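Proteins get letters first, then strands, A, B, ... in listed order; numbering begins at 1 in each. These numbers come from a predicted model, not from an experiment.
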Amino acid sequence: MNPALATLIERGFVQQCSNIEGLSDLMDKEPVTFYVGVDPTGPSLHIGHMVPFFAFRHMCNAGNIGIALLGGGTARIGDPSGKTEMRKILSYEDIDANAELFSAQIDKFVSFDGKYRFPDNNKNWLANLNYIEFLRDIGKHFSVNRMLTFEAYKQRLETGLSFIEFNYQLLQSYDFLQLYKRYGCRLQIGGDDQWGNIVAGIDLIRRIEGVEAFALTFPLVQTSDGKKMGKTEKGALFLNPEMVSPYDFFQYWRNVTDADVERFLLMFTFLSADECRKIAKGNINEAKEKLAYEVTAIIHGHEEAEKALAGAKAAFSGGGDKNAMPSVKLQLDRFEKGYPVLDLFVDAGLADSKSEARRLVQQGGAYVADKVWNDEKLSVGKDSLTEDNELILKAGKKRLVRVVVC
RNA sequence: GGAGAGAUUCCCGAGUGGUCAAAGGGGGCAGACUGUAAAUCUGUUGGCUAAGCCUUCGAAGGUUCAAAUCCUUCUCUCUCCA
């Protein structure tokens, strides 16, 4: 087995491959050009997008050539795979803006060099396609009968599938063909929900070019309790630090289920496989801390990871660095007059409404300076502040904020 | 184009004139137990100047003492036929 491929398998990346021996032989012979596609459907990548890019880096480290394909064209259509209903149609401007943001995030992660790792955008060849020509050249190779047997469509046959989405597969196949023609791209990697689309591309390349291309898919990452990976109560775990702070990002990994630690270390860090296994077998809480630190460092840099770690220490085990805790600024005169607790919790961002704050207090989940505050009518006065005019508020055991008074 | 069905709170889904801020489940939040884990159990889950008041059942009008529920128009979705 080719060593790069073996690494992917060992680290749990491989779900399905169209022809693993063939691919291994090819990779032994020469550097392989491969691609990962992402449709820029939102303002930031989230962790679910990242699995293929971790694999991307492993592949590139082994000397292969990777293309990050932004779906500036396909996002105009919307991939029905794995969706139960049609995605809302985005405006071209939004898609292009998203594509810029995605591209920058990917660049940060894989460091494009223009030669071995570079981006492209499928709107370059999709945006101005001629419909008739496309149907004659490409459409004739697709059998509707066969397409209907694909799992992705079967499901949607129940709930409804529009023609626009039904065409998505042709476009993705066409992408693969274009990348083969332009760069000699022979391999497409992606999440397992892309299997049908990728295989369709392989067929198209075989029919038109008479060349074997390959598919390699990764498991859709789920937490071991069956939830979708990276979903938090606030939504997806985005990479953009303004959407999910490095501290919250760190906390997500710190709170992963025991059973996921080893798997996640292997997939979302670049520590050696042996080391990952060793860490996961050791003290489970230290392993989680290591996982959280490593992933945060990879995504947000070591400095942010250090800060998140220090903040977590300050919040949970004393010591650490309280400057690194999430904090808000509030006015001193409010405390001088007596800050109504409910307002205080809302202003500190620990409750969305006063009713929520009230519930928190009534249920004994509101902590002011480490003491349970159980009277919703009382105000928090200046005397609750520390000598350097600070105050720690907690909502429940885990959500907390450092109030800095000024 | 024709014939039907439907739109309910974060999601699924009950409710067909007052007892409805709206059953049940999921999810979320809090508490207990713990290890910042899982599982389990309990409570809670529109807002507010809070024993009261205000806003919510696709949208706009109407009937009524009273509407998520009835009527009219509109918008959207789905199914079947062409």
Side-chain angles (χ1 to χ4, degrees), chain A residues 80 83-89 155-165 222-237 245-265 279-293 295-296 308-320 322 324-326 338-343 345-368 370-379 392-401:
Chain A
K83 311 270 179 322
T84 47
E85 49 194 67
M86 186 161 151
R87 205 197 305 249
K88 66 172 189 290
I89 296 191
Q155 219 186 51
R156 290 292 299 274
L157 251 25
E158 310 282 325
T159 54
L161 174 67
S162 73
F163 188 66
I164 182 174
E165 293 178 290
Q222 289 193 324
T223 59
S224 48
D225 38 324
K227 283 178 200 141
K228 253 193 216 141
M229 171 72 199
K231 291 286 178 197
T232 67
E233 57 292 353
K234 299 262 181 251
L237 196 64
S245 70
Y247 178 84
D248 288 334
F249 187 86
F250 181 96
Q251 284 300 318
Y252 177 84
W253 298 97
R254 179 61 184 76
N255 283 309
V256 138
T257 305
D258 290 6
D260 290 329
V261 173
E262 181 174 324
R263 202 159 51 99
F264 287 178
L265 277 165
I279 293 167
K281 289 216 171 56
N283 179 304
I284 193 70
N285 279 309
E286 283 168 25
K288 287 182 190 182
E289 198 172 281
K290 182 74 174 161
L291 172 69
Y293 179 85
V295 185
T296 308
L309 178 62
K313 285 235 159 80
F316 290 100
S317 45
K322 60 191 168 73
M325 283 164 51
Y339 214 133
V341 239
L342 303 183
D343 290 324
F345 272 81
V346 172
D347 293 344
L350 291 173
D352 287 336
S353 67
K354 285 198 193 179
S355 295
E356 199 178 305
R358 178 173 290 113
R359 241 170 264 134
L360 199 61
V361 172
Q362 284 169 350
Q363 294 181 139
Y367 298 77
V368 174
D370 261 338
K371 283 203 285 288
V372 177
W373 191 278
N374 45 26
D375 189 337
E376 60 184 74
K377 296 233 162 50
L378 275 180
S379 291
I392 305 293
L393 295 180
K394 294 216 273 177
K397 299 281 192 281
K398 286 196 222 165
R399 285 155 52 223
L400 79 171
V401 95

For this session: Could you give the distance separating rA22(B) and rG28(B) at their P atoms, to the nearest angstrom?
Result: 23 Å
Exercise. Between rG58(B) and rG6(B), how far is it from one C1' atom to the other, in whole Å?
Worked result: 11 Å
Exercise. Could you go step by step and tell me if Glu376(A) and Arg359(A) meet the salt bridge (charged side-chain N to carboxylate O under 4.0 Å, His left out) rule?
Worked result: CA-CA 9 Å; Glu376(A) 60 184 74; Arg359(A) 241 170 264 134; over 6 Å; no
Exercise. In whole Å, what separates the C1' atom of rC57(B) from that of rA21(B)?
Worked result: 11 Å
Exercise. Looking only at atom P, what distance separates rU16(B) and rC65(B), rounded to whole Å?
Worked result: 23 Å
Exercise. rA32(B) pairs with which nucleotide, Watson-Crick or G-U wobble, both distances below 3.5 Å?
Worked result: rU40(B)
For this session: Give one of base, sugar-phosphate or nothing for Ala395(A), where a contact means two heavy atoms less than 4.0 Å apart.
Result: sugar-phosphate
Problem set entry | Set of side-chain contact (heavy atoms from CB on, under 4.5 Å) partners for Asp347(A), sequence neighbours left out | Leu330(A), Arg334(A), Tyr339(A), Asp343(A)
Problem set entry | Spacing between Asp258(A) atom CG and rA39(B) atom C1', to the nearest angstrom | 11 Å
Seminar exercise, completed: Assert: residue with more 5' nearest nucleotide on RNA chain B, out of Leu309(A) and Ser353(A), is Leu309(A)
For this session: Please report, rounded to the nearest Å, how far the C1' atom of rG35(B) is from the CD atom of Glu286(A).
Result: 12 Å
For this session: Whole angstrom is fine here: how far is it from CZ in Phe316(A) over to P in rU36(B)?
Result: 8 Å
Problem set entry | Pair partner, rG61(B) [Watson-Crick or wobble, under 3.5 Å] | rC71(B)
Seminar exercise, completed: In whole angstroms, the gap separating P of rU36(B) from CD1 of Ile284(A) amounts to 13 Å
For this session: Could you check which of rA37(B), rU44(B), rU36(B) has an atom nearest any side-chain atom of Ala312(A)?
Result: rU36(B)
Exercise. If the P atom of rG1(B) is compared with that of rC71(B), how far apart are they to the nearest Å?
Worked result: 25 Å
Exercise. P atom, rU56(B) versus rU34(B): distance in rounded Å?
Worked result: 47 Å
Problem set entry | Option passing side chain to side chain donor-acceptor pair (under 3.5 Å) with Lys288(A) (candidates Asn283(A), Asp260(A), Asp258(A)) | Asp258(A)
For this session: Could you check whether Tyr367(A) gets within reach of a base, just the sugar-phosphate, or nothing at all, counting any heavy atom under 4.0 Å?
Result: sugar-phosphate
For this session: Give none if rC20(B) has no partner; otherwise give the nucleotide forming a Watson-Crick or G-U wobble pair with it, both distances under 3.5 Å.
Result: none
Problem set entry | Residue mapping more 5' on RNA chain B - nearest nucleotide basis, Lys397(A) or Lys354(A) | Lys397(A)
Exercise. With both distances under 3.5 Å as the test, what is the Watson-Crick or G-U wobble partner of rC10(B)?
Worked result: rG26(B)
For this session: Return the nucleotide paired to rG52(B): Watson-Crick means purine N1 to pyrimidine N3 with N6-O4 or O6-N4, wobble means G-U with N1-O2 and O6-N3, both under 3.5 Å.
Result: rC48(B)
Problem set entry | Closest listed nucleotide, where the reference is the side chain of Ser355(A) and the choices are rG35(B), rA30(B), rG47(B) | rG47(B)
For this session: Quickly work out the Arg399(A) CZ to rA30(B) C1' distance and round it to whole Å.
Result: 9 Å
For this session: State which residues pass side-chain contact (heavy atoms from CB on, under 4.5 Å) with Ala308(A); sequence neighbours excluded, sorted by chain then number.
Result: Phe250(A)
Problem set entry | Residue Arg359(A), side-chain atoms from C-beta onward, closest of rA37(B), rU44(B), rG35(B) | rU44(B)
Problem set entry | Interatomic distance at P, rA37(B) relative to rC48(B), whole Å | 29 Å
Exercise. Checking all strands, does Arg254(A) fall into the base, sugar-phosphate, or nothing category for heavy-atom contacts under 4.0 angstrom?
Worked result: base
Exercise. Taking any strand in view, what nucleotide pairs with rA5(B) in a Watson-Crick or G-U wobble way, both distances under 3.5 Å?
Worked result: rU77(B)
For this session: Given side chain to side chain contact (heavy atoms under 4.5 Å, CB included), test Lys394(A) with Leu350(A) step by step and report yes or no.
Result: CA-CA 8 Å; Lys394(A) 294 216 273 177; Leu350(A) 291 173; 5.9 Å; no
Seminar exercise, completed: note: Leu400(A), atom CG; rC29(B), atom C1'; distance rounded to Å ~ 16 Å
Exercise. What integer number of Å spans the C1' atoms of rG2(B) and rA67(B)?
Worked result: 33 Å
Exercise. Does the base of rG31(B) carry an N or O that pairs as donor and acceptor with the side chain of Gln363(A) under 3.5 Å?
Worked result: no
Problem set entry | Test side chain to side chain contact (heavy atoms under 4.5 Å, CB included) applied to Val261(A) and Ile284(A), step by step | CA-CA 8 Å; Val261(A) 173; Ile284(A) 193 70; 4.0 Å; yes
Exercise. Contact class for Gln251(A) vs. all strands (heavy atom < 4.0 Å): base, sugar-phosphate, or nothing?
Worked result: base
Exercise. Can you list the steps and then say if Trp373(A) with Tyr367(A) is a ring-ring contact (aromatic ring centres under 6.0 Å, His included)?
Worked result: CA-CA 6 Å; Trp373(A) 191 278; Tyr367(A) 298 77; over 10 Å; no
Problem set entry | Nearest-Å distance for atom pair CD/C1', residues Gln362(A) and rU44(B) | 10 Å
Problem set entry | Between rG35(B) (C1') and Lys398(A) (NZ): distance, integer Å | 10 Å
